Amino acid sequence: MVVADTVVSLGVLAAFYALLALGMNIKYGHTGLLDFGHVGFYLIGAYTAALLVLPPESGGPDTIYIFGANLPAVVGDLLFFLPSPVTDLLGWLVAIGIAMTLAGVVGAFVALPTLRLREDYLAITVLGVSVIFQRIVQAESWLVNGPDALRGISRPVGGLFPLDGSTLGGAVVFLFISGAVWAVCAWALGRALDAEILEVAEDGTRADGSGDRDSTVAGRLHAVATLGTDRILGERAATGGDGLLGTVAGLGRNQHVGSALIAGTVAGVVGAALAFAVPMGLVAWGAVVSVFTWVVVLVWLARFGADFRTVDYLATLGIGLAFMLALAPMYYLTPLWQWLPLTVLAFAVVVGGTAYMATNWDRFADRQFRYGTFAALWFGVIWYFPLQILTPVLNGNLGTAANVVFDSTVWMLSFSGAQPTIGYSRFLLFFFGALLFVCLYVMELTVNSPFGRVLRAVRNDEEVVNSLGKDPFMYKIQSMMLGSALAGLAGALAAMYFQVLVFTIFAPRVTFIALLMMFLGGVANNRAMIVGAFLFWAFQTATVELAGFVAPGLRENIQAFRFVVMGLLFLALLYYRPQGIMGERARTEMGGSE
Amino acid sequence: MSGAPLLEVENLQKSFGGITAVDGVSFELESGAVTGLIGPNGAGKTTTFNLLSGFYEPDGGAIRLKGRDTQELMGPAPAEQFIWTSASASSLGLVGMGLGRILAGVSPTALLGGAAAGAVGGAGLYYGQATVNGVRDSHKHSRPFQLARDGMVRTFQITRELEEMTVLENLVLAPQGQAGENLLNAVFRRDAVAEDEQQIREQAEEIIGLLELDHLRDEEAGNLSGGQRKLLELGRVLMLEPDLVLLDEPVAGVNPALTDRIMDTIEELTDDGLGFCIVEHEMDVIMSLSDRVVAMAEGKKLAEGPPSEIQNDQRVLEAYLGG
């Protein structure tokens, strides 16, 4: 498997698990409701979405379920003038919306009798409720095929993939995907520049968006990437201009949003035209967009490591490399008695050395968080590029090596088949990523508003909230609804991802995985949920990859053993960094105004 | 002293197990006046406070805020009634659907009819029990937030700050009916919320200035000293713009300078027409602040009158000296 494919499938999993963790974070992180039954709402979302998109039961003996609303087909009949991929997707979106709503309503129902209980009793009661949900699904065979799997969940727009841009439909999808990626990147770059300029704004160079900004490479790149619209919109905003451009700029009350939308539209149209009309156009434009994403990531990293000197970059590279090398015995040695002690020894040395540096070397001690982040990134980069070309380079096969580097760089396209395409997992990544982005945005608005303030007050002390004339019960109900609706959304996406649902997917451990992700990222920090979900699945993926190096007989043991390792790491995290990797965000200037 | 009684307490009763904490206490609180509540430890002062503010349910007697029984005020709010009605209606609706399925088979008429009948029955059940409970004397409501909405606010003997929130956040949390406390407004009407928030912040800054907490505005409440917490609690109560404030030991453990500041603030606000009821062990404070004093011992009212009278009351002195 090409390494970019691994990362993409990791991203897809992380995206819907991040939504699950986000729901948990609203309940526990922000409101203090310990919901051990979170998975129950995930289950409701998944099965509701599945039943809504499944066609009516055919009467065959293999799959029995209560009803199939066949929403994609229904929407297709209603909006017959639209092409079927669009109605497919619309049908799914309606199903997702209903699944979310139902999960939210059930969340409120479960909350009604349980919310009056003390925190620990609440946790146990909802855990029981979620197990009841699971047992109902398992036992009632007429409902969703009982203990057997519910199969045949179709994916939206699946027929268009793998997509090579040579058909009209394919070109339109490529328009949306490349346009959206471009717009997000342009917006992110603009934000990065703003944040950077704030630090050097003392001499007033920022006045109208000109000056210092445009003289940096990133600034020029941003001007090019937004086709100059960012500057025009900035000037318009400064002079109070209106008209079409003013309307676009007003879309997000932020010139970066307006310019990113314009540039994204243009980029999407160009990409689609190229892919449709020119042979290799898809590869060319895919490469351009992919490179743009890499550049934006680099700009953000440079900003994040603002006070890093060369020695810091080298030191973090050294740490990342040391961790990678510590795994080498596992890769090169076959007998268990050789690699196991050597790997453990190497890890002990590297971990000990890192811990020693972290406390005794000032540069490291002052920036532990950044050092940790960069070391982890270097580890990932070493795995992503050099490690993948190690064998071809050692064999003197430089052409293959260059090919692998190109394939990994142009992550937007899949090179697994005969010709480069955009595979379905890429589409899922964009689709799930977009939904995650929207949910994260809305949740940030929510927790930063007076509503979120009351939630945190409830978490702190319910009696005080009560004495101030606010009903804690109403807020807790709403928090349960919101959190459960997010779990329902995650469930609906899971149905789309797995295509087959079995009751075992919804075991109580899923709740605890969501909790783990929340604690890992940082309680009461919405953005940290993405970090938590990504790290969790990165660890899972890494252990699967590692298991591939050892003898087949041992693989299962390794996969079982990883839960032990995960438990130990979690323990260490709670002991040494109880606030999670990112911690709770400071909110001294919070409020409805942003 | 001026005006009609803001709060009337009549023959208040409360016991915990075998211990009678409050036994037939009656008094009145008025606006623009400070009433002191004194008594030795265990006299039932804090229990009385908890009863007045709705945190405890009385065993007997009546409390009337601005002429209305607080039990009536503390009934469920419309939003809560809506939730319970719809929950009850939809649960019984589901049961009705199931019954329809069993009795008349699967047909839209049977299912929908059963659901509708169940829903009506469920809603009726909720309103039925609400009506029955409304008529029953022994049924007690306890929703303290309703009393705060009607203008009676309390502080706590052991201060209860929202420790993970800053001083400013503690204050801006308090006002009633903020636009942004509605989830939909918070997401969709951000301009209105921002405007509202701006006003509340200005009000909070004023109170911070009044209490001279300026240097602590962005400090987490958990890091404040005991005296500063007392001030913050007072400030939080004032943000609600109440008519009647119940203060439970507002100067306990507070240094003399801060005590003076708290007393000045209370006097200023009394002049503005607020009513105060204060429980305090610091006799100098209570005697100089209060317009009237109610003395309690062993759950009963011993004496009531102006401070000068109470100071010389033989029964009060005996109670305090353990006579």
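Reckoned from all heavy atoms, side chains included, excluding hydrogens, waters and symmetry mates. Each chain gets a letter, A, B and so on, in the order the sequences are listed, and its residues count up from 1. Given the structure is predicted, the values throughout are model-derived calculations rather than measurements.
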Contacting region of L240(B) [heavy-atom separation from chain A under 4.5 Å] = side chain

Does atom OH of Y121(A) have more than 12 heavy-atom neighbours, drawn from other residues, nucleotides or ligands, at distances under 6.0 Å?
-> no

Quick one: closest heavy-atom pair of A457(A) and L162(B), and the distance?
-> O-CD2, 3.6 Å

Determine whether W84(B) and L112(A) make a side-chain contact, defined as any pair of heavy atoms from C-beta on separated by less than 4.5 Å.
-> yes

Looking only at heavy atoms, what is the nearest atom pair of F109(A) and S86(B), with distance?
-> CZ-O, 4.4 Å

Would you indicate whether F67(A), at its atom CZ, is surrounded by more than 12 heavy atoms from other residues, nucleotides or ligands within a distance under 6.0 Å?
-> yes

Of the backbone (N, CA, C, O) and the side chain (C-beta and beyond), which part of P242(B) lies under 4.5 Å from a heavy atom of chain A, both, or neither?
-> neither

Do you know which of M152(B), E220(B), E80(B) has the most heavy-atom pairs under 4.5 Å to chain A?
-> E80(B)

The reported gap from CG in L184(B) to CZ in F451(A) (rounded to nearest 0.5 angstrom) is 9.5 Å

E195(B) atom CD, neighbour heavy-atom count above 12 within 6.0 Å | no

Please list, in residue-number order, every residue in residues 460-469 of chain A that has a heavy atom less than 4.5 Å from any heavy atom of chain B; write 'none' if there are none.
-> N460(A), D461(A), E463(A), V464(A), N466(A), S467(A), L468(A), G469(A)

Check whether L482(A) gets within reach of chain B through its side chain, its backbone, both or neither, counting any heavy atom under 4.5 Å.
-> side chain

Can you tell me if K470(A) uses its side chain to pair, donor with acceptor, with the backbone of E181(B) under 3.5 Å?
-> no

Does E164(B) have any salt bridge (Lys or Arg N to Asp or Glu O under 4.0 Å) partners at least two apart in sequence or in another chain, and if so, which?
-> R459(A)

dist I83(B):CD1 -> F473(A):CZ (nearest 0.5 Å) comes out at 6.0 Å

Please indicate whether R143(B) has more than 12 foreign heavy atoms, meaning atoms of other residues, nucleotides or ligands, lying under 6.0 Å from its CZ.
-> yes

Could you tell me whether R453(A) and E169(B) have a side-chain N and a carboxylate O separated by less than 4.0 Å?
-> no

Trace of the side chain to side chain contact (heavy atoms under 4.5 Å, CB included) decision for V187(B) with M443(A) = CA-CA 9 Å; V187(B) 176; M443(A) 287 307 122; over 6 Å; no

